[in-house]
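Below is one structure, written out as structure tokens, with a few remarks after it.
Here is how names work: the chains are called A, B, and so on, in the same order as the sequence lines, proteins then strands, and each is numbered from 1.
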Amino acid sequence: MPIEKTYTDAMLGTFRNMLQECKDKKMSGEAFDKMAAAMSRMEALALEMNDLGAFSAKMATEGLFTDFSTAYGAVLAEEGQKKYTSSGTYDDDKLLQQTLSGYENSLVQLNNHPDKERLQASIQNVIDLGRSGINYPTFLRLLIEKGLDKAMEGSIISREALEKDIHWAAELILPVYEKRNREILAKYDEMAAVAVFGVPDSIVFSMERFRIDSAFQPAINKYQAIIDRWGRLLELVHDWIDAHTSFAPYDERWVSLGGMEMTKRNIKYCKECYPGYFKVREDIFNRYFAMQWDDVFVHESFSNERKARRCMYTDAYIEFLKEVYPHCKPFSTAPPELIAKAEQYHNDKAVFIK
Amino acid sequence: MDTLFNDYILYYKARMKRWENSNTYPHSYESEKAIYELVASCSSMEDLQNKADQFRALTVQNAIALVKDQEIFRKQVYEDCKEFIRAKGPAAVLEKIEEMRSDMELVEMVNRVHQKNSIEITVDQLVSFFYSDFVAMENIEVYQQASIPEEWKKESEGYAQDAMESGKKLWQETQLPEARNWQPGWTLNYDLLQEERHRRLIPINDIELEKKIALHKKYKPA
């Protein structure tokens, strides 16, 4: 069965429109034939193949997008050449109008883009500049001097967007991301300060950004890996102590659709196995990061995750888990006073931050 | 000299000025300078049109110079970051760039090289399957190694076995076939994990890494 049409339409729609546009304009020639051949191969694959992933990979490995786009570029270039040759002389006003209508078309094409507002605003600036009564060479010069010549590529760098990246990292209390994003902004400012027209080159900036991203990714991975592991440790101690309580048989963590016997079995499993599971995880945590249980609470990720409300235990309950910890050992059971405390926290709804 | 032609001179001057004293764009600067000097040496548009062949040749050289500068920079950054697969793209462009005789030839070559390189990058990144399996592998370790009462051992080992089997099934029925759409016959080359671009993303020491590799070979057998 071929791939669902909705998917292939989404993937091939733009290419079909581009080809149709060329047909409507009665374009022809070698480059046009190459475009049509690439399109026809894409359409055939869409009908022949039954797996979307395999289809995407096939399109990429056969270079069909590249073939099509390269040929499309050649068709447009040939068309442009024909126009200038036929008119014999350059008509600056016409060139300006053609350029502006290209920008106007791209405004429409960006309607569904996720970053639509920012990109459209940049392009609108270009259009406004072109419609301000200046001639074509002045328009082109000002595009360079104002750094707007990258707007069509969608690669215009917005300092505002870089500031927003810092803002979201700070809001979400993700310090490694925040530090990375601050470095990216600092690089932007450093480049802007020395750029002839005050606008950093987008290619150089994107590569410098790549360099910063690469430098920070190991720290980001490590930070998250530490959080994931201590999160699981806290959860195991929490579940283990609660499995001893009088509310356990009614708690969704253990209630079984198979009835009370199965529920009791789930509780028993938790009480008897979780300390063993906890110890293996604690050992993994230590082997990976040379961190012990006590180190969790002084690690920067712990206070950050709590401030960000991604670790929802109350302060008092965290202290309680620390009390429970020494008892959560294989083949041990929880002391009655701690079970009573766990019940109290549960009844008072004091386990999690409200 | 009419205003329009003078505005063209200013435009080409701005293009040249953009790269003045740039360490990244030396070839582009020289090329823009040559264009500016040609335009500035003319007194009118008609005069420039008489030098159209020279102008066109310079614009092709200009496109080549720009790509050359950008690809040299890309290659340098990728090499600095030890991203040797990504660096193959700019390296391949630079190897072929002197043979280019037209802008379309240049565009086609660059597109083809980048397309080939993007597949190489995709294939190289398939090694990330390994780190994304860490949570599942830790679960297996927990079920297999925990000190638990005898009565639960069989069940716990069963969980480990189930996890191993579902990993194997996912690998052989889904992940390997998908990977092989990108590179026929692909298998996970564990040696790649020692290469810095991959190694630095796995935040554990070498001893732990070796243990995980041994487990992964059983969890996701080829």
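- Looking only at atom types and distance, the side chain of A:Tyr136 has no donor-acceptor partner in the side chain of B:Asp7 under 3.5 Å away.
- Taking the six-membered ring where the residue is Trp, A:Tyr288 and B:Phe134 present tilted rings, their angle falling between 30° and 60°.
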Next on the checklist: Assess the residue pair A:Ile284 and B:Glu141 against the criterion (side chain to side chain contact (heavy atoms under 4.5 Å, CB included)); give the C-alpha distance rounded to whole Å, side-chain angles, the decisive distance to 0.1 Å, and a yes or no.
Outcome noted: CA-CA 9 Å; A:Ile284 289 172; B:Glu141 286 176 87; 4.1 Å; yes
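- Annotation: salt bridge (Lys or Arg N to Asp or Glu O under 4.0 Å) contacts of A:Lys264 (sequence neighbours excluded): A:Glu261.
- Closest heavy-atom contact between B:Pro203 and A:Phe289: O-CE2, 3.5 Å.
- Minimum heavy-atom separation, A:Pro218 to B:Arg200: CB-O, 3.1 Å.
- When all heavy atoms of A:Phe331 and B:Pro149 are compared, the pair lying nearest together is CE2-N, 3.4 Å.
- Of the atoms belonging to B:Asn139, heavy atoms from both backbone and side chain fall under 4.5 Å from chain A.
- For A:Glu282, no part lies under 4.5 angstrom from a heavy atom of chain B.
- For A:Arg232 and B:Glu138, the salt-bridge test fails: no basic side-chain N is under 4.0 Å from an acidic carboxylate O.
- Annotation: A:Glu300, atom CD; neighbour count of heavy atoms from other residues, nucleotides and ligands within 6.0 Å is above 12.
- The candidate with the highest count of non-hydrogen atom pairs below 4.5 Å against chain A, out of B:Arg180, B:Arg197, B:Glu151, is B:Glu151.
- Here CD of B:Gln115 is found 10.5 Å from OG of A:Ser69. Values are rounded to the nearest 0.5 Å.
- For the set A:Arg287, A:Gln217, A:Glu145, the entry with the most heavy-atom pairs within less than 4.5 Å of chain B is A:Arg287.
- Among residues two or more places apart in sequence or in another chain, the salt bridge (Lys or Arg N to Asp or Glu O under 4.0 Å) test is passed with A:Lys222 by none.
- Between B:Tyr131 and A:Asn221, the closest heavy-atom pair is OH-O, 4.1 Å.
- Both the backbone and the side chain of B:Ser147 come within contact range of chain A, each with at least one heavy atom under 4.5 Å from a heavy atom of that chain.
- Across all their heavy atoms, A:Met207 and B:Val77 have their closest contact at O-CG1, 3.5 Å.
- For B:Ile119, the part lying under 4.5 angstrom from a heavy atom of chain A is the side chain only.
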Next on the checklist: With side chain to side chain contact (heavy atoms under 4.5 Å, CB included) as the criterion, how do B:Phe73 and A:Asp201 come out once you've worked through the C-alpha distance, each side chain's angles and the decisive distance to 0.1 Å?
Outcome noted: CA-CA 12 Å; B:Phe73 188 71; A:Asp201 177 74; over 6 Å; no
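- Of the residues listed (A:Asp67, A:Thr66, A:Thr70), the one engaging B:Arg112 in a side chain to side chain donor-acceptor pair (under 3.5 Å) is A:Asp67, and it is the only one.
- Residue B:Glu178: no heavy atom, backbone or side chain, is found under 4.5 Å from chain A.
- Using a 4.5 Å cut-off between heavy atoms, B:Ser22 does not touch chain A at all.
- Under a cut-off of 6.0 angstrom, the local environment of NZ in A:Lys58 is sparse, with at most 12 non-hydrogen atoms contributed by other residues, nucleotides or ligands.
- Applying a 4.5 Å heavy-atom cutoff, the residues of residues 10-17 of chain B that approach chain A are B:Leu10, B:Tyr11, B:Ala14, B:Arg15, B:Lys17.
- For chain B, the option among A:Pro330, A:Gly53, A:Ala290 with the highest count of heavy-atom pairs below 4.5 Å is A:Pro330.
- Residue B:Glu46: no heavy atom, backbone or side chain, is found under 4.5 Å from chain A.
- Heavy-atom distances place both the backbone and the side chain of A:Ala60 under 4.5 Å from chain B.
- Considering only heavy-atom pairs separated by less than 4.5 Å from chain B, the leading option among A:Asp51, A:Val194, A:Thr61 is A:Thr61.
- Summarising the geometry of B:Val142 relative to A:Arg281, their closest heavy-atom pair is CG2-CG, 3.6 Å, with the distance given to 0.1 Å.
- For a residue to count as touching a neighbouring chain, one of its non-hydrogen atoms must lie under 4.5 Å from one of that chain's; by this rule B:Lys153 does not touch chain A.
- Across A:Lys329, A:Lys279, A:Lys268, the residue that shares the most heavy-atom pairs under 4.5 angstrom with chain B is A:Lys268.
- To the nearest 0.5 Å, atom OG of residue A:Ser202 and atom CD of residue B:Gln70 are 7.5 Å apart.
- Neither the backbone nor the side chain of B:Gln76 comes within contact range of chain A; no heavy atom of the residue lies under 4.5 Å from a heavy atom of that chain.
- Along residues 80-88 of chain B, the residues that come nearer than 4.5 angstrom to chain A, judged on non-hydrogen atoms, are B:Asp80, B:Cys81, B:Glu83, B:Arg86 in order of number.
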